[in-house]
Amino acid sequence: MDAPLHEWNLEPAEAIALQKRLATRLELADRIDEVAYIAGVDIGFEEAGEITRAAVVLLEWNEIKAPTLEVVEQVIHREPTRMPYVPGLLSFREIPAALGAFAKLSQTPQLVMVDGQGIAHPRKLGVAAHLGLWLDLPTIGVAKSRLYGRFEPVGEQRGDWSALTARGETIGAVLRSREKVKPIFVSPGHRLSLATSLDWVTRCLGRTKLPEPTRLADRLASRRDEKRRKASVEPTRDA
DNA sequence: GCGACAG
DNA sequence: ATCTTGTCGC
């Protein structure tokens with residue numbers, strides 16, 4: 001599951017060339033198995049950015065008796081940070097750690113939701129698309145802000161969305177996942193169409209802005225989570 | 001040449 | 001992303 005170093009420690013120009021090559025291998029038509037497990041992935045940083053912390057949350061999908069999502073596994077993987085953040089090259093900074101976390105998972109999900117862009121990227125290879133190719137699994141990019149593409153204002157109702165376009169084609173959707181809250185950016189990563197991607201994100205939506213897989217992974221990857229779990233076991237003076 | 005710019 | 005407390009609003 002480990003990736004050869006030469007695949008990640010690249011100079012910007014080389015990374016860009018690789019992205020263009022990999023993008024041609026993306027599948028944007030649905031090729032997905034029956035979904036039993038959905039994974040959420042996100043990356044956080046510790047020690048002033050010296051350590052990269054990848055988090056993966058595995059949820060069980062239940063179509064029957066009211067769509068339910070239950071957390072069945074959570075894994076965290078830490079390793080030294082290898083690249084700085086460069087807009088457009090995010091995957092080279094985050095994927096190595098994400099793969100380390102996936103290696104610790106005891107079950108393989110049929111669908112993966114990633115915090116970041118899918119094909120809504122200058123070279124169609126956002127972190128979700130890149131990870132999808134590496135895992136050979138269907139992936140969806142769920143970003144909190146825009147990286148690439150143009151769009152018209154989104155409706156105010158939950159579920160409303162507008163196309164994210166670039167170079168004359170639709171590369172994603174700006175979705176109002178919750179009323180009165182800034183919309184999220186959904187784009188296919190690998191092995192999925194935009195329609196199916198939107199479908200799954202919508203189905204995984206709770207009462208919050210982010211879909212459950214990404215929301216939980218986001219929480220687990222953040223340092224806020226340390227304080228969170230610590231507070232639950234630390235003695236409280238008013239207890 | 002001047003901005004924009006996931007996390 | 002991360003540094004950080006209280007606070008305004010549904």
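Letters go in sequence order (proteins before strands), and every chain restarts at 1. Atom set for the values below is all heavy atoms of this structure, side chains included, hydrogens, waters and symmetry mates excluded.
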Taken to the nearest whole Å, CG/D42(A) to C1'/dT2(C) is 13 Å

Between C1' of dA6(B) and NE2 of H121(A), the distance in whole Å | 8 Å

So, S187(A) side chain and G118(A) main chain: donor-acceptor pair closer than 3.5 Å or not?
-> yes

Looking only at side-chain N and O atoms, does S145(A) come under 4.0 Å of OP1 or OP2 in dG7(B)?
-> yes

Nucleotide dA1(C), atom C1' - distance to CD of E94(A) in whole Å = 8 Å

Look at K180(A) and dC10(C) and indicate whether a side-chain polar atom (N or O) is within less than 4.0 Å of OP1 or OP2.
-> no

Aromatic ring of Y85(A) stacked on base six-ring of dA1(C), 5.5 Å, 30° = no

Rounded to the nearest Å, what distance is computed from the CD atom of residue Q19(A) to the C1' atom of nucleotide dC5(B)?
-> 14 Å

To the nearest Å, how far apart are R219(A) CZ and dG7(B) C1'?
-> 20 Å

Taking only the side-chain nitrogens and oxygens of Y148(A), find out if one of them lies under 4.0 Å from OP1 or OP2 of dA4(B).
-> no

Taking atom C1' of dG7(B) as reference, at what distance in whole Å does atom CZ of R82(A) sit?
-> 17 Å

E27(A)/R191(A) salt bridge by N-O under 4.0 Å criterion = no

Mind listing the closest non-hydrogen atom pair of A97(A) and T52(A) along with its distance?
-> CB-CG2, 3.6 Å

Taking the six-membered ring for Trp and the full ring for Phe, Tyr or His, determine whether the centres of H130(A) and F92(A) are under 6.0 Å apart.
-> yes

Check: L192(A) main-chain N/O paired with T196(A) side-chain donor or acceptor under 3.5 Å = no

Taken to the nearest whole Å, CG/L147(A) to C1'/dG7(B) is 10 Å

Taking NZ from K124(A) and C1' from dA6(B), how many angstroms apart are they, rounded to a whole number?
-> 17 Å

Would you say R146(A) reaches dA6(B)'s phosphate, i.e. side-chain N/O to OP1/OP2 under 4.0 Å?
-> no

Which part of the nucleic acid, if any, lies within reach of V127(A) when heavy atoms closer than 4.0 Å are counted: base, sugar-phosphate only, or nothing?
-> base

